[in-house]
Amino acid sequence: GNETVSPSLVPPPGTSKRTPHSIIIGVRKGGTRALLEMLDIHPGVAAAATEVHFFDWDENYAKGLEWYRRLMPYSYPYQITIEKTPGYFTSPLAPARIHAMNSSIRLLLILRDPTERVISDYTQVYFNRLENHKPVQAIEDVLVRNGGLNTRYKAIQRSLYDVHVKNWLLHFPLDQIHIVDGDTLIRDPLPELQRVERFLELPPRIVASNFYFNQTKGFYCIRSDGRERCLHESKGRPHPPVNSSVLQQLHSYFRQHNRNFYRLVGRTFDWH
Ligand code: A3P
C-alpha cells in the first residue's frame with residue numbers, strides 16, 4: 001500500500017522493517033502474485049517486493065532472521081507486512097520454521113482446481129525452459145508414463161493439497177489459515193479480497209473501482225492511486241490443450257485427495 005518509491009535510500013520517517021504479520025504460502029500458480037498485488041492496494045498493507053524463499057531454502061534460512069527482516073519493506077506501525085513465497089506450501093520444513101518465528105502469524109493460501117494448476121505449472125516450466133534455450137517436452141509426454149498417469153511428476157505432486165495442508169495443520173490451527181479461492185479470484189476478485197481484509201482485521205478499503213476487466217489480457221487489472229496496471233505477461237498465459245482421457249485420469253487421481261482436503265479444512269470447493 002505504499003504508493004511512492006522513496007527517491008533516496010533514506011527510509012520515510014516513522015517507518016521500519018518488520019518481519020511479516022502475514023505470509024502468502026502458496027500454492028505455486030494459484031494466483032499468488034495477483035493476490036499480493038491486489039492486497040497491496042490497501043493502505044494498511046506493506047508488501048515485500050520479491051519472493052524471499054527464507055523458510056523453504058536451507059541456504060537462506062541459515063542466514064538468520066535478521067537477514068530475512070532486512071528484505072522486508074519499510075512500513076508504518078499501523079501497517080501489516082506481507083511476503084509471498086509460493087514454495088512454502090509444499091516445503092516440509094516451512095511450517096515449523098514459520099511457527100518458530102511467529103506462532104500467531106496469519107497464513108494466506110490461494111488454491112485453484114488441482115488439474116488446472118498442473119497445466120499452469122507445466123506451462124510456466126515450458127516457457128522458462130524456452131527462454132533458457134533448454135529442450136521442452138509436450139504436455140502429454142510429462143503427464144503420461146507407460147500408458148498411465150505419471151503420478152511422480154512434480155506438478156502433480158504439488159496439487160495434492162491434502163498431503164501438504166496436513167503438515168501445516170500439525171503446527172497451526174485452522175483459524176490461522178485463510179484459503180483464497182483462486183478460481184473465484186480470477187472471475188471476481190473483490191469478494192475474495194474483502195474476505196482477506198476481514199481475516200487480517202484490516203479496515204475495508206478495497207472497492208469495486210480498484211478493478212477493471214481488460215479485454216485484451218482477459219483478466220482483471222488494478223486501478224489504484226490514479227494508475228492502472230495489469231500483471232506481467234507471464235501471468236494469465238493460454239494453456240495447451242490436453243487430451244480428454246488424460247484430463248479424466250487427472251480428475252480421478254485428484255478426486256479422493258480433494259475430498260480429504262475438504263474434510264481437513266471444513267470447506268468444499270467446486271473442483272473436478
Ligand atoms: P496462468 O498463467 O496459468 O493462467 P502465480 O502468481 O501464483 O504464479 O499464479 C499465476 C496465475 O494467477 C495465472 O495462471 C492466472 O490464472 C492467475 N491470475 C489470477 N488473477 C489474475 C489476474 N488478475 N491477472 C493475471 N493472472 C491472474
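We use all heavy atoms of the structure for the numbers below, so side chains are in, but hydrogens, waters and symmetry mates are not. Order of listing sets the numbers, starting from 1, for every ligand and every atom in it.
- Using a 4.0 Å cut-off to heavy atoms of Arg237, the atoms of ligand 1 that qualify are 1 (P), 2 (O), 4 (O).
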For a side-chain contact (heavy atoms from CB on, under 4.5 Å) check, start with the C-alpha distance between Ile23 and Thr85, then their side-chain angles and the critical distance, and finish with the verdict.
CA-CA 8 Å; Ile23 301 180; Thr85 302; 5.9 Å; no
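- Ring centers of Tyr61 and Phe54: under 6.0 Å apart, within the cut-off.
- Nearest protein heavy-atom contact of atom 7 (O) of ligand 1 is Thr32 OG1, 2.6 Å.
- Protein heavy atom at the shortest distance from atom 14 (O) of ligand 1 is Arg112 NH1, 3.1 Å.
- Those atoms of ligand 1 that come under 4.0 Å of a heavy atom in Ala34, given as number and element, are 19 (C), 20 (N), 21 (C).
- One finds no salt bridge joining Asp183 and Arg117 here, because no Lys/Arg side-chain nitrogen approaches an Asp/Glu carboxylate oxygen to under 4.0 Å.
- Note on ligand 1: Glu116 sits outside its first shell, no heavy atom being nearer than 4.0 Å.
- For Ile186, the closest heavy-atom approach to ligand 1 falls below 4.0 Å.
- Here the side chain of Glu51 pairs no donor or acceptor atom with the backbone of Pro86 at under 3.5 angstrom.
- Of all atoms in ligand 1, numbered sequentially from 1 with element shown, those under 4.0 Å from a heavy atom of Arg33 are 6 (O).
- For the pairing with Leu250, the side chain to side chain contact (heavy atoms under 4.5 Å, CB included) check across Ile156, Thr151, Asp113 returns one residue only, Ile156.
- The two residues Ser75 and Ala46 have their closest heavy-atom pair at CB-CB, 3.7 Å.
- Put simply, the residue from Lys29, Arg158, Lys154, Arg237 that forms a salt bridge (Lys or Arg N to Asp or Glu O under 4.0 Å) with Asp121 is Arg158.
- Checked against the 6.0 Å centroid threshold, Trp168 and Tyr88 do not count as a close aromatic pair.
- In the vicinity of Ser120, heavy-atom distances shorter than 4.0 Å reach the ligand 1 atoms 1 (P), 3 (O), 14 (O).
- The distance from ligand 1 to the heavy atoms of His239 drops below 4.0 Å at these ligand atoms: 1 (P), 3 (O), 4 (O).
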Evaluate the side-chain contact (heavy atoms from CB on, under 4.5 Å) criterion for residues Phe89 and Leu109: first the C-alpha distance (whole Å), next the side-chain angles of each, then the deciding distance (0.1 Å), finally the verdict.
CA-CA 8 Å; Phe89 180 55; Leu109 172 61; 3.6 Å; yes
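- Of all the listed residues (Gln124, Lys235, Arg28, Arg117), Lys235 holds the heavy atom that lies closest to atom 8 (O) of ligand 1.
- Relative to atom 26 (N) of ligand 1, the option among Tyr122, Phe219, Phe211, Phe127 with the closest non-hydrogen atom is Phe219.
- With a 4.0 Å cut-off on non-hydrogen atoms, Met38 touches ligand 1 through its side chain and not its backbone.
- The distance criterion of under 3.5 Å between nitrogen or oxygen atoms is not met by Leu185 with respect to ligand 1.
- Distances shorter than 4.0 angstrom occur between a heavy atom of Gly30 and an atom of ligand 1.
- Taking the six-membered ring where the residue is Trp, the centroids of His99 and Phe172 are separated by under 6.0 Å.
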Trace of the side-chain hydrogen bond (donor to acceptor under 3.5 Å, both in side chains) decision for Asp56 with His53
CA-CA 6 Å; Asp56 59 338; His53 286 285; 2.9 Å; yes
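- The nearest protein atom to atom 4 (O) of ligand 1, hydrogens excluded, is given as Gly236 CA, 3.4 Å; this is a heavy-atom distance.
- Of all protein heavy atoms, the one closest to atom 23 (N) of ligand 1 is Tyr220 O, 2.8 Å.
- Below 3.5 Å of separation, one finds an N or O of Gly31 facing an N or O of ligand 1.
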